Amino acid sequence: MTTNLSEQEQLRRQKLIDLQNAGVQAYPAEEFSVNVTAHDIKENYERDKLNYKDISIAGRLMSIRDMGKACFAVIQDSTGRIQLYIRKDDICPNPEDTKLYDLVWKKLMDIGDIIGVKGYVFTTKMGEISIHVTSFTLLSKALKPLPIVKTDADGNSFDEVTDPEFRYRQRYVDLIINPKVKKTFEQRTKIITSIRNFLNDSGALEVDTPVLQAIPGGAAARPFITHHNALDIPLYLRIANELYLKRLIVGGFDWVYEFSRNFRNEGMDRTHNPEFTVLEFYVAYKDYFWMMNTTEKLLEKIANDLHGTTDVVVGDKTISFAAPFKRITIYDAIKEYTGIDVSTMNEAELRDVCKKLHLEIDESMGKAKLIDTIFGEKCEGNFIQPTFITDYPVEMSPLTKKHRSKEGLVERFELMINGKEIANAYSELNDPIDQRERFEDQIKLMERGDDEAMFIDYDFLRALEYGMPPTAGIGFGIDRLCMLLTNQPSIQDVLLFPQMRPEKKAEEVNAD
RNA sequence: GAUUCCGUAGCUCAGCAGGUAGAGCAUUACACUUUUAAUGUAAGGGUCCUGGGUUCGAAUCCCAGCGGGAUCACCA
């Protein structure tokens with residue numbers, strides 16, 4: 001086993017033994033009470049010096065600069081970093097007994113160890129607010145060396161760990177050594193809190209609905225399948241929670257929402273992870289126009305809560321989340337970017353258009369899919385500023401109410417930002433007869449080989465037959481929204497633990 | 001799933017007309033009681049992703065596998 005360890009790892013295990021021999025516990029059980037944070041000190045010390053004469057703080061050792069009979073070190077707590085100044089004379093007042101400084105501190109402490117210190121705050125000659133340490137306590141010994149990232153006065157990083165595999169597999173290390181990464185995840189939580197506050201303040205009720213479903217409904221996607229032993233039935237991990245939230249609208253709640261972890265057994269790339277988060281909410285007695293207005297208000301608030309402004313930098317662009325957003329029908333969008341009016345075309349005419357535009361199509365594609373292809377290839381990427389695309393063909397929206405005045409269309413919108421779909425919403429279909437026919441159309445698609453067509457959920461139909469009020473519903477891709485608002489190009493950078501292939505055999509991991 | 005690039009010390013990387021490995025930081029030792037990418041001197045550390053092949057000889061060339069990134073396809 002020892003043969004697997006690097007030189008530095010072996011050394012640290014030896015230090016563990018040396019600590020024990022010196023009577024120092026490497027993993028003490030006692031509480032170490034803390035009365036200040038690094039951020040607090042840096043923020044408030046200058047104007048309230050008296051308050052920082054007797055402080056106690058804990059954190060991870062990030063660097064040590066040994067000056068002989070004194071050392072400078074830096075610890076990092078959950079709020080940031082602060083410098084320590086440790087003098088031999090202070091730690092070991094008795095010159096006869098210098099073990100604590102010369103042995104425990106200078107020989108047995110390492111970068112990565114977690115320590116607690118007591119002392120007082122002062123400012124060094126170089127002007128850095130620091131802690132003059134009067135005593136220290138080892139709280140946890142680190143056995144693996146921490147990658148060292150140094151930063152100079154101008155903020156330039158050296159030896160920054162950028163290897164994506166390292167960062168995603170050992171996110172705990174990434175979080176320790178890359179403060180920007182930690183900030184991104186704090187921002188993610190802020191975004192979700194902002195949304196939750198908006199909804200709760202509006203009188204919405206947060207609910208939990210099943211993740212394990214006998215019929216994976218509410219979306220067109222390939223599900224993960226599992227098996228329940230006691231019931232001896234197959235169960236699916238949910239691909240959406242839509243049908244359950246609408247059951248709750250039937251049940252008499254007027255506004256329900258859920259942050260739903262959804263699972264789809266499909267490809268992975270920069271914008272797809274097998275499990276991802278969608279916020280869905282449903283509001284009784286509203287329609288999709290109301291939902292557009294509400295979406296504008298919500299996004300404007302999120303941007304303000306997070307950045308203090310509605311202008312957000314994403315890559316080399318600036319996106320304005322200030323309401324109102326542009327609204328355009330999908331037919332007008334196609335006309336704008338191709339010059340072709342497809343609104344009255346039949347399937348054969350649409351096929352000719354696709355050929356003229358050099359789009360790849362196949363025989364199985366129906367009218368709606370052809371329109372979707374034209375939009376996806378020729379229009380979608382152009383909508384950088386938030387834009388509502390409205391009034392989709394009925395064939396691709398089996399859960400959406402037919403348009404109040406436009407034949408063949410439904411009352412649906414998608415919100416496009418930075419060329420990507422961020423939200424999908426509609427006036428919900430609440431006519432149980434119509435809904436049953438739409439499901440049956442899906443079954444026909446399934447029989448023609450569409451492996452993503454929806455199953456019929458008979459219990460959902462039964463619920464609709466009891467009567468569902470007219471309802472507006474929406475789903476937001478939370479991960480993608482976070483990518484936008486935190487300016488991260490990959491979904492892996494807004495997921496703490498993105499899905500990865502197993503890195504090696506379990507026994508080898510255990511041997512570490 | 002397809003194409004393409006990558007995998008060398010704890011970390012970041014160099015080494016590739018094929019001659020069994022180097023740098024900086026980190027580590028170890030010594031010096032230094034307000035330094036800050038601290039500094040100075042010295043030292044240790046590597047199944048060069050794995051397995052085959054070509055060759056007198058492979059980190060370097062070829063093939064396969066594993067892992068990762070990017071692009072494409074499917075999708076949110």
Side-chain angles (χ1 to χ4, degrees), chain A residues 3-12 14-15 62-74 81 83-91 101 106-107 110-112 122-128 130 132 142-170 173 177-178 219-222 239-240 260 262-280 360 372 376 414-415 420-424 450-452 475-481 483 489-492 498 500-505:
Chain A
T3 53
N4 290 332
L5 295 176
S6 69
E7 183 191 36
Q8 292 194 46
E9 289 174 305
Q10 291 177 37
L11 241 152
R12 289 189 180 211
Q14 181 57 47
K15 288 181 181 184
M62 298 304 287
S63 82
I64 301 170
R65 292 184 290 279
D66 183 354
M67 310 277 299
K69 293 184 181 62
C71 288
F72 287 93
V74 173
R81 297 182 183 183
Q83 178 168 270
L84 308 180
Y85 178 56
I86 303 188
R87 289 199 314 193
K88 184 173 181 173
D89 297 346
D90 300 318
I91 301 300
Y101 182 83
K106 283 187 64 164
K107 300 288 184 195
D110 286 300
I111 288 169
F122 75 112
T123 305
T124 67
K125 280 181 188 166
M126 302 299 288
E128 175 137 355
S130 308
H132 195 125
L143 297 182
K144 277 191 176 293
L146 196 63
I148 306 298
V149 181
K150 297 203 173 187
T151 309
D152 70 13
D154 299 326
N156 302 311
S157 286
F158 300 85
D159 298 339
E160 191 168 1
V161 178
T162 52
D163 175 18
E165 183 170 7
F166 186 105
R167 292 186 43 231
Y168 301 147
R169 287 197 195 281
Q170 301 188 54
V173 178
I177 63 182
N178 292 325
R222 280 196 293 276
I239 56 174
S260 173
N262 294 346
F263 305 84
R264 298 190 184 175
N265 206 341
E266 292 164 348
M268 297 165 55
D269 61 27
R270 206 169 70 249
T271 55
H272 297 83
N273 193 67
E275 57 182 293
F276 61 102
T277 302
V278 171
L279 162 71
E280 293 205 19
E360 270 190 42
D372 194 55
E414 291 193 356
L415 174 61
K420 292 260 159 53
E421 182 196 335
I422 293 297
N424 181 19
D450 186 342
D451 61 351
E452 290 185 342
F476 283 89
I478 293 298
D479 308 299
R480 289 183 181 178
L481 185 63
M483 287 168 64
S490 169
I491 197 169
Q492 296 173 109
M500 301 285 275
R501 280 198 165 80
E503 61 181 313
K504 51 184 171 181
K505 291 176 196 158

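First the proteins, then the strands, lettered A, B, ... as listed; each starts at 1. Note that this is a predicted model, so its numbers are computed, not measured.
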A/N262 vs A/I239, side chain to side chain contact (heavy atoms under 4.5 Å, CB included): CA-CA, chis, key distance, verdict: CA-CA 5 Å; A/N262 294 346; A/I239 56 174; 5.7 Å; no

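- Going from atom CZ of A/R270 over to atom CE of A/M483 covers 7.0 Å, rounded to the nearest 0.5 Å.
- When rounded to the nearest whole Å, the span between CD of A/E9 and C1' of B/C11 equals 13 Å.
- Of all heavy-atom pairs spanning A/R264 and A/A221, the tightest one is CD-CB, 3.4 Å.
- OP1 or OP2 of B/A29 sits under 4.0 Å from a side-chain N or O of A/K107.
- A/R65 has no side-chain polar atom (N or O) that falls below the 4.0 Å cut-off from OP1 or OP2 of B/U36.
- Put simply, CD on A/E266 is 15 Å from P on B/G1, counting in whole angstrom units.
- Rounded to whole Å, the C1' atom of B/G46 lies 12 Å from the corresponding atom of B/U20.
- Of the candidates B/U35, B/G67, B/G10, B/U35 carries the atom nearest the A/F72 side chain, counting heavy atoms from C-beta on.
- When the shell of 6.0 Å around NZ of A/K106 is examined, it contains more than 12 heavy atoms from other residues, nucleotides or ligands.
- If you measure from atom CG of A/L84 to atom C1' of B/U36, you get 13 Å, rounded to the nearest angstrom.
- Note that CD1 of A/I64 is 13.5 Å distant from CZ of A/F72, once rounded to the nearest 0.5 Å.
- Counting only heavy atoms from C-beta on, A/L11 has its side chain closest to B/U27 among B/C13, B/U27, B/U36.
- Distance from the side chain of A/M67 is smallest for B/U35 among the nucleotides B/G69, B/U35, B/G67.
- Comparing the C1' positions of B/G68 and B/G53 gives an interatomic distance of 26 Å, to the nearest angstrom.
- Ring geometry for A/H132 against A/Y85 counts as perpendicular: the plane angle is over 60°, on a 0 to 90° scale with 30° as the lower cut.
- Between the C1' atoms of B/G15 and B/G69, the separation comes to 23 Å (whole Å).
- The side chain of A/F122 sits closest to B/U34 out of B/G10, B/U35, B/U34.
- For the pair A/I177 and A/L146, the minimum side-chain heavy-atom distance is below 4.5 Å.
- If you check B/C32, B/U36, B/G10 against the side chain of A/M126, the one that comes closest is B/U36.
- Within 4.0 Å (heavy atoms only), A/E160 reaches sugar-phosphate atoms of the nucleic acid but no base atom.
- Look at CZ on A/R169: it is 17 Å from P on B/G7, rounded to the nearest Å.
- Between the P atoms of B/A9 and B/C49, the separation comes to 8 Å (whole Å).
- For the pair A/N273 CG and B/G69 P, the computed distance is 11 Å after rounding to whole Å.
- A donor N or O paired with an acceptor N or O is not found under 3.5 Å between the base of B/G68 and the side-chain atoms of A/D163.
- Atom CD in A/Q10 sits about 21 Å away from atom P in B/A26, given to the nearest Å.
- A gap of 28 Å separates the C1' atoms of B/G65 and B/G19, to the nearest Å.
- Here A/Q492 lies in heavy-atom contact (under 4.0 Å) with sugar-phosphate atoms only.
- The gap from the C1' atom of B/C11 to that of B/A73 amounts to 37 Å, rounded to the nearest Å.
- Distance check, rounded to the nearest 0.5 Å: CG of A/L481 to OG1 of A/T277 gives 11.5 Å.
- Comparing B/C25, B/U27, B/G44 by their closest approach to the side chain of A/E7 singles out B/G44.
- Taking the side chain of A/R270 as heavy atoms from C-beta on, and the options B/U28, B/A26, B/U71, the nearest nucleotide is B/U71.
- Pairing for B/A9 is absent, judged as Watson-Crick or G-U wobble with the two contacts each under 3.5 Å.
- The listed nucleotides are B/G67, B/G69, B/U27; the one nearest the side chain of A/I111 is B/U27.
- An OP1 or OP2 oxygen of B/U28 is reached within less than 4.0 angstrom by a side-chain nitrogen or oxygen of A/K15.
- When rounded to the nearest whole Å, the span between CG of A/D66 and P of B/A31 equals 10 Å.
- Nearer to the 5' terminus of RNA chain B, by closest-nucleotide assignment, is the contact made by A/T151 (compared with the other of A/R222 and A/T151).
- Listed nucleotides B/U34, B/C11, B/G68 differ in distance to A/V161; the shortest reach to its side chain belongs to B/C11.
- Comparing B/U34, B/U27, B/C25 by their nearest atom to the side chain of A/Q8 picks out B/U27.
- Base pairing analysis places B/C48 opposite nothing; no Watson-Crick or G-U wobble pair with both distances below 3.5 Å involves it.
- Regarding A/I64, its CD1 atom lies at a distance of 14 Å from the C1' atom of B/U28, rounded to whole Å.
- When both distances must be under 3.5 Å, the Watson-Crick or G-U wobble mate of B/A70 is B/U3.
- For A/D269 against B/C74, a side-chain N or O and a base N or O form a donor-acceptor pair under 3.5 Å.
- Using P as the reference atom, B/U60 and B/A21 are 13 Å apart when rounded to the nearest Å.
- Checking the phosphate oxygens (OP1, OP2) of B/G24, no side-chain nitrogen or oxygen of A/K150 falls inside 4.0 Å.
- For the pair A/F158 and B/G24, the ring geometry does not qualify as stacking, because the centroid separation below 5.5 Å and plane angle under 30° are not jointly satisfied.
- The C1' atoms of B/U12 and B/A37 are separated by 13 Å, rounded to the nearest whole Å.
- B/C30: Watson-Crick or G-U partner is B/G40, with both key distances under 3.5 Å.
- Checking B/U20 for Watson-Crick or G-U wobble geometry (two distances, each under 3.5 Å) identifies no partner in any strand.
- You'll find the side chain of A/P145 reaches within 4.5 Å of the side chain of A/R12, heavy atoms only.
- Counting atom types as modelled, A/E128 pairs no side-chain N or O with a base atom of B/U34 as donor and acceptor under 3.5 Å.
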